[in-house]
Structures are given as C-alpha cells and as structure tokens.
**Q** 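Before anything else, here's the structure in question.
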Amino acid sequence: MRIAVAGGTGVVGRHVVRVASERGHDTVVLTRSQGVDLTTGAGLEGRLEGIDAVVDVTSVVTQNPRKARAFFGSVTKHLLAAEKAAGVAHHIALSIVGIDRATIGYYQGKIEQERLVVEGDVPWSVLRVTQFHDFPLQVLIGAAIAGFVPVPRVLTQPVASVEVAAALIDLVEAGPSGRVPDLAGPEPLQLVDMVRRVNKARGLGRRVVPIHVPGRIGKRLRAGALIPDQDGPRGQTTFEEWLVSPR
C-alpha cells in the first residue's frame with residue numbers, strides 16, 4: 001500500500017514511516033521539510049494521488065485552546081479535502097486518551113480533530129493512546145524556567161511510541177474501523193515520578209516542582225482521567241525498559 005504520513009518526522013511519525021517500510025509499504029511524508037504546510041494546505045495539491053491511506057500524527061506545542069483548535073482544525077480540514085479529491089480510501093487519526101474527561105488546552109484541539117474526522121466524507125479510524133514514554137523528556141526541555149520544571153500531579157499509563165506506530169499501521173492494513181479501543185502502556189505511573197527519573201537518568205540537573213492543578217479537572221487528572229476506563233490493547237515496553245534503552 002501507499003501511505004501518506006502527516007507529521008512523518010515527529011516523535012511517532014518517524015516510527016510510523018519505519019514500521020510501514022519494514023512491512024513493505026511505500027510512504028510519503030507530509031511535513032514542511034518536504035514542502036507541505038498542512039495548516040494552509042500549501043504544497044498538498046497532487047501529493048495524495050495514488051495514496052491508499054493517510055495517517056495523521058501531526059502535533060503542535062501549545063496549551064492555548066484557541067491555538068490548538070485552530071491548528072488541528074485547519075490541518076484536518078485540508079487533509080480531508082485533499083483526500084476526498086484524490087480518492088483516498090482511509091484516514092487514520094492519532095488522538096489522546098481522556099480528552100473528553102479533561103477538556104483543557106491542547107485536548108480541545110484533539111476534540112475538534114476527532115469531530116471533523118467523524119463528520120467528514122473519508123472513511124476513518126481513530127486511535128486514542130496514552131502519553132508516550134518520551135513525554136517526560138519533552139516536559140524537562142520545554143517547561144524549564146531558570147532550571148525549575150513545574151510538573152502537574154497526573155496519573156498516566158505511558159506507552160512506547162514505536163508500539164503506537166505499529167498499532168497505527170495495523171489499522172492501515174485493517175481498513176476503516178471507526179473509533180477503536182484505547183491503547184495504553186503496561187502500568188500506571190505518576191508523571192512527576194517519571195519526570196524525576198528522566199531528569200536523573202539524563203543528568204539534566206533540573207529542579208522538578210510538583211504542582212497541584214485546582215478544581216474538578218485537576219481532581220480528574222490525579223484520579224486517572226488520562227488512562228483508559230475500559231479494556232483494550234496494552235503495550236509491552238515498560239517505562240523502565242525505555243529509560244535504559246530509549247527508542
């Protein structure tokens with residue numbers, strides 16, 4: 001099959017491209033570095049001719065709900081329009097577990113993305129997953145302020161990004177499946193503890209400062225709003241295994 005990967009150079013996207021290639025599929029990467037701006041649609045015309053499926057693993061660094069909705073809304077609309085024009089038979093979107101239980105910031109963009117996919121004209125699949133093992137390192141790098149890193153108290157169940165990629169290619173091969181069961185890692189962990197362990201393992205020397213998210217949303221985050229509330233597939237790679245040999 002020919003698979004287009006939107007965001008194919010990112011944390012998950014690079015694994016999607018590799019896994020697809022290992023299984024004998026041809027891939028086309030849709031990123032700015034390849035001349036495609038998905039937020040405006042520039043460079044997208046003609047790129048999906050002959051494509052069987054599009055896997056959307058795009059992302060944006062923001063906790064501003066307006067910016068998140070604008071990003072995922074524009075990317076999804078441009079992809080779906082181009083797919084319909086090119087006769088693409090399957091759109092696969094990567095989403096996040098718990099976005100409808102913790103509707104804050106970035107998650108509002110993912111809710112908008114899912115809505116557009118479900119209401120669109122292209123047959124679809126949506127896979128929600130928990131945070132990646134890589135997430136604590138992203139927090140340490142992106143949230144540091146003068147050597148301090150504020151980290152909310154959140155219960156998560158991290159999963160290896162390479163296992164997410166494999167699940168997405170499984171969906172490509174299965175065909176349009178709608179909303180499939182959530183994918184999570186093998187064990188629930190506290191985000192603060194994960195960040196501290198990465199900080200120590202990488203020798204970054206940051207001061208990790210736990211913060212208490214107030215209100216109903218904060219209570220939900222601490223209680224497990226971002227982990228699956230039903231049975232479903234579980235990754236095999238533990239956070240400790242990833243920490244020793246990150247992939």
Side-chain angles (χ1 to χ4, degrees), residues 11-12 59-73 93-118 126-161 163-164 167 179-200 206-235 237-240 242-243:
V11 172
V12 175
S59 185
V60 62
V61 180
T62 186
Q63 284 301 325
N64 182 300
R66 180 183 58 81
K67 292 180 179 179
R69 287 193 300 267
F71 174 83
F72 286 108
L94 177 64
S95 192
I96 303 172
V97 171
I99 56 173
D100 42 9
R101 299 192 294 269
T103 56
I104 55 176
Y106 184 87
Y107 297 159
Q108 290 193 26
K110 299 303 287 184
I111 290 172
E112 174 68 1
Q113 178 190 32
E114 287 192 14
R115 182 187 68 81
L116 291 169
V117 170
V118 171
V126 170
L127 172 65
R128 288 186 181 183
V129 305
T130 51
Q131 299 292 340
F132 310 136
H133 290 331
D134 316 69
F135 184 62
L137 180 59
Q138 295 172 346
V139 172
L140 285 163
I141 294 172
I145 304 172
F148 291 83
V149 183
V151 182
R153 296 187 184 278
V154 173
L155 183 64
T156 184
Q157 194 163 332
V159 63
S161 51
E163 292 178 325
V164 173
R179 168 84 185 277
V180 299
D182 297 344
L183 170 63
E187 56 184 347
L189 296 170
Q190 288 290 341
L191 178 60
V192 171
D193 294 336
M194 293 168 61
V195 172
R196 284 174 171 157
R197 289 163 70 181
V198 173
N199 186 44
K200 181 179 180 180
R206 307 277 204 270
R207 283 286 302 275
V208 177
V209 181
I211 60 174
H212 184 87
V213 179
R216 183 170 55 185
I217 294 294
K219 185 177 181 179
R220 288 178 179 176
L221 291 172
R222 292 187 295 276
L226 301 185
I227 64 177
D229 57 2
Q230 297 181 358
D231 292 337
R234 300 292 179 260
T237 304
T238 67
F239 181 68
E240 186 64 35
W242 175 87
L243 201 60

**Q** Starting from the C-alpha separation in whole Å, work towards a yes-or-no answer on side-chain hydrogen bond (donor to acceptor under 3.5 Å, both in side chains) for E114 and S95.
**A** CA-CA 8 Å; E114 287 192 14; S95 192; 2.6 Å; yes
**Q** Can you spot which of V151, L155, V154 makes a side-chain contact (heavy atoms from CB on, under 4.5 Å) with Q190?
**A**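 Checked V151, L155, V154 against Q190; only one passes side-chain contact (heavy atoms from CB on, under 4.5 Å): L155.
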**Q** What distance do L127 atom CG and D182 atom CG have between them, rounded to the nearest 0.5 Å?
**A**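 Between L127 CG and D182 CG, I get 7.5 Å after rounding to 0.5 Å.
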**Q** Give me the atom names and distance for the closest heavy-atom approach of F132 to V12.
**A**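 That would be CZ-CG2, 3.2 Å.
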**Q** Would you say that V198 contacts F135 through its side chain, given a criterion of any heavy-atom pair below 4.5 Å between the two side chains?
**A**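 No, their side chains stay 4.5 Å or more apart.
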**Q** Going by side chain to side chain donor-acceptor pair (under 3.5 Å), E112 matches just one of Q108, R115, K110. Which one?
**A**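 Only one of Q108, R115, K110 forms a side chain to side chain donor-acceptor pair (under 3.5 Å) with E112, namely R115.
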**Q** When you look at R197 and F239, which way does the side chain to side chain contact (heavy atoms under 4.5 Å, CB included) test go after all the steps?
**A** CA-CA 10 Å; R197 289 163 70 181; F239 181 68; 3.8 Å; yes
**Q** Drop me the distance from R66's CZ to F71's CZ, to the nearest 0.5 angstrom.
**A**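 So the CZ of R66 and the CZ of F71 are separated by 14.5 Å.
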**Q** Looking only at heavy atoms, which two atoms of A93 and V117 are closest? And how far apart?
**A**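 Closest heavy-atom pair between A93 and V117: CB-CG2, 4.2 Å.
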**Q** Would you compute the distance between atom CD1 of I104 and atom CD of Q63 and round it to the nearest 0.5 angstrom?
**A**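 Atom-to-atom, I104:CD1 and Q63:CD are 6.5 Å apart.
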**Q** Rounded at 0.5 Å granularity, tell me how far CD in Q131 sits from CD1 in I227.
**A**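 Answer rounded to 0.5 Å: 12.5 Å.
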**Q** Can you tell me how far apart CG (L191) and OG1 (T156) are? Round to the nearest 0.5 Å.
**A**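 The distance works out to 7.0 Å.
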**Q** Taking all non-hydrogen atoms of both residues into account, name the closest pair between R234 and G185 and its distance.
**A**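 Result for this residue pair: CD-O, 3.6 Å.
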**Q** Write down the atom of V97, the atom of T130, and the distance for their closest heavy-atom approach.
**A**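 Closest approach of V97 to T130: CG2-N, 3.8 Å.
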**Q** Could you measure the distance from the CG atom of L189 to the CD atom of Q157? Nearest 0.5 Å is fine.
**A**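 Output value for this atom pair is 8.0 Å.
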**Q** Would you please name every residue forming a side chain to side chain donor-acceptor pair (under 3.5 Å) with R207, sequence neighbours left out?
**A**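 Partners of R207 by the side chain to side chain donor-acceptor pair (under 3.5 Å) criterion come out as none, since no residue qualifies.
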**Q** Find out whether V60 and K67 are in side-chain contact, i.e. whether some heavy atom of one side chain is under 4.5 Å from a heavy atom of the other.
**A**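 Result no, sub-4.5 Å side-chain heavy-atom pair not found.
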**Q** Kindly state each residue pair satisfying salt bridge (charged side-chain N to carboxylate O under 4.0 Å, His left out) with at least one member in residues 209-231, sequence neighbours excluded.
**A**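 Counting only pairs at least two positions apart or across chains, the salt bridge (charged side-chain N to carboxylate O under 4.0 Å, His left out) contacts touching residues 209-231 are R101-D229.
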**Q** Would Y107 and L226 count as a side chain to side chain contact (heavy atoms under 4.5 Å, CB included) if you check the C-alpha gap in whole Å, the side-chain angles of each, and the deciding distance to 0.1 Å?
**A** CA-CA 11 Å; Y107 297 159; L226 301 185; 3.4 Å; yes
**Q** Applying side chain to side chain contact (heavy atoms under 4.5 Å, CB included), run through D100 and R128 and close with a yes or a no.
**A** CA-CA 11 Å; D100 42 9; R128 288 186 181 183; 3.3 Å; yes
**Q** Do you know the tightest heavy-atom contact between Q138 and V11?
**A**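 Smallest interatomic distance, heavy atoms only, reads NE2-CG2, 3.3 Å.
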**Q** Minimum heavy-atom separation for V159 and G235, please, with both atom names.
**A**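 Heavy atoms of V159 and G235 come nearest at CG2-CA, 4.5 Å.
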**Q** Got Y106 and F72 here, is their nearest side-chain heavy-atom distance under 4.5 Å?
**A**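 Counting from C-beta outward, Y106 and F72 do come under 4.5 Å.
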